[in-house]
There are 2 protein chains.
Amino acid sequence: MRLSAIRSFAASLAALALALPVLAQEDPLPSWNEGAAKTAILEFVDKVTAEGAPTYVAPEDRIATFDNDGTLWVEHPIYTQLVFALDRVKQLAPEHPEWATTQPFQAVLEQDVKALAEAGEKGLMEIIGATHGGMTTEAFEAEVTDWIATARDPRWNKPYTGLVYQPMLELMDYLRANGFETYIVSGGGIEFMRPWTQAVYGVPPQNVVGSSIKTEYKVVDGKGVLMRLPEINFVDDKAGKPVGILSHIGKRPIAAFGNSDGDYQMLEYTTLGAEGARLGMIVHHTDAAREYAYDRDTHIGRLDKAMDDAPKQGWVLIDMAKDWKTVFPE
Amino acid sequence: MRLSAIRSFAASLAALALALPVLAQEDPLPSWNEGAAKTAILEFVDKVTAEGAPTYVAPEDRIATFDNDGTLWVEHPIYTQLVFALDRVKQLAPEHPEWATTQPFQAVLEQDVKALAEAGEKGLMEIIGATHGGMTTEAFEAEVTDWIATARDPRWNKPYTGLVYQPMLELMDYLRANGFETYIVSGGGIEFMRPWTQAVYGVPPQNVVGSSIKTEYKVVDGKGVLMRLPEINFVDDKAGKPVGILSHIGKRPIAAFGNSDGDYQMLEYTTLGAEGARLGMIVHHTDAAREYAYDRDTHIGRLDKAMDDAPKQGWVLIDMAKDWKTVFPE
């Protein structure tokens, strides 16, 4: 090889080395297979970030909302928050003999998954109201923090925070890298999520919208605290989701991600009749091997009307089995 | 002058020129006179931003909450939101003949300031519930935006957003420059404030906590909207302020600023029994010449118990007449 050829080769190598980070950046969604879902995400972000384009959206209006259960982490066979409630119900049961014959408590004590599922969101909130009241918000936060660090899902023998969807983590990162503010808008308890959403999703406490129980301010032992009362304050599900979004964010999202009919109104509020580019996506659980397969026939995360209406609403279904290279981190 | 002396002089000039921006930065609160209030602010920020110090607070926990009426802008002789309500009550009065003899509507129609003041926060919320319902949040936002751009305070013949306190604007800027997240936590209506807080205070909609009426999600004319219902949802005043803070922020503030007994619990929640450095401050309206002078004997922004307890609670009073060089911008 002549000197000039060596030089040329070295220059090519150098150019390649310089290009490598760019190439590595070129796929911001490495856990997503090529397909309609991935394309919809990339095209949407291009549209709203293209300065001068009619579809351009200023960064402060790039609001993206994510359902949590079944959209960001596993919700089957029962909501993780319900698993958390088991321990607390068992702890308190001796003080509440009536729970042995009262639903949904009986279902919790008997680990009757079907009866629990039938109790639905309302049942969940009853259990939360009854078992999560009578303590300060700080005491509750400590309890959640302890539990989430130690509890394990029996199927995978992993912490529940390890059962978040890697492709959705990449999606949240990608949106934030493009100037979006990401919010969780979940039917789950707001104070159940806040202790760990920053570490797991990169979503700080103030960007978490959820269901809540009433709290009361008082001074206890020389400190101002908020006592959690055994009474439902707000259910952030279905038509409650747009209400929660208005209350906490004060802006209409331009992108929303859900997985069940509980997300219908949030998706609709985000996309229906909008003038600019909007993105509504639905995680469709099609992967019994790697996670679960369910849609119409389940009491947890039922997806029926939203799936039927997706084509006319312009919502894009994410087919877990086909669209995701990997499901969980690592 | 010898050449070396000229060179030395030129070098001094250059050094001075370089130092000027630094000197200019040295007083981040130019509208504040030297005194206990200014010193308390500067020392507090030094303490919580000094890395390695036991009083250091990580940026994500630097939460500062500000009352609005009487703390950030003028609230006398009546709340600005009540002035806004006047037009709406007058508009709707023909459809509501009963208002002529029903408080607080009668007071609004008769411009009876005393009766209005006596109706207090509850009366304000009644007026808001009755006059601000029955429209979408977007329609309401448009109405507020129009009004705030055109209405003028009669004493100063200025827009109400021109009657914000320059020293408090500097304080908010200073805190944000030091990594704080600034929030408004007001008894005023959350949707009344959101349309203009970004432009006026640098506080985005999602950082505004306030009182609210109930909203209902529905599809109207092919768009998902939130209808404002004539029913109070939440009163963000007194013991409601810590509740609003928990709901929206999910973290305890380390600094809080108020001006009335309505801010007592927010100040207490921020400072009482805290281990690290905390700052609680109260704007004391002592300046009848430049603004207003009032504390115990007023129905709008009554400051009584909080003033009595300030020394033992460690809250610093801001004496408007003494501590502020200028009151309003420009």
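Computed from a predicted model, the values in this text were never measured in an experiment. Residue numbering restarts at 1 for every chain, and letters A, B, ... go by the order of the sequence lines.
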Seminar exercise, completed: From the list A:I190, A:N233, A:V219, A:I63, the residue making the most non-hydrogen contacts under 4.5 Å with chain B is A:V219
Seminar exercise, completed: Residue from A:G210, A:P242, A:G240 scoring the most non-hydrogen pairs under 4.5 Å with chain B is A:P242
Problem set entry | Region of B:V209 that comes under 4.5 Å of a non-hydrogen atom in chain A | neither
Seminar exercise, completed: Under 4.5 Å to a heavy atom of chain A? For B:E138 that would be side chain
Portion of [X] that has a non-hydrogen atom of chain B nearer than 4.5 angstrom:
| X | answer |
| --- | --- |
| A:S247 | both |
| A:S212 | neither |
| A:P204 | neither |
| A:Y183 | side chain |

Exercise. In Å and rounded to the nearest 0.5 Å, what is the NE2 to NE2 distance from A:H248 to B:H248?
Worked result: 5.5 Å
Select, from [options], the one with the greatest count of heavy-atom pairs under 4.5 Å involving chain A.
| options | result |
| --- | --- |
| B:E268, B:E216, B:K241 | B:E268 |
| B:E191, B:E60, B:K238 | B:E191 |
| B:Q198, B:K223, B:R194 | B:R194 |

Seminar exercise, completed: When every non-hydrogen atom of A:G250 is compared with those of B:P205, the smallest separation belongs to O-CB, 4.2 Å
For this session: Kindly give the heavy-atom pair with the smallest separation between B:G222 and A:L272, and that separation in Å.
Result: O-CG, 3.4 Å
Problem set entry | Criterion side-chain contact (heavy atoms from CB on, under 4.5 Å) on B:Y217 and A:L246, from CA distance to verdict | CA-CA 10 Å; B:Y217 176 77; A:L246 173 73; over 6 Å; no
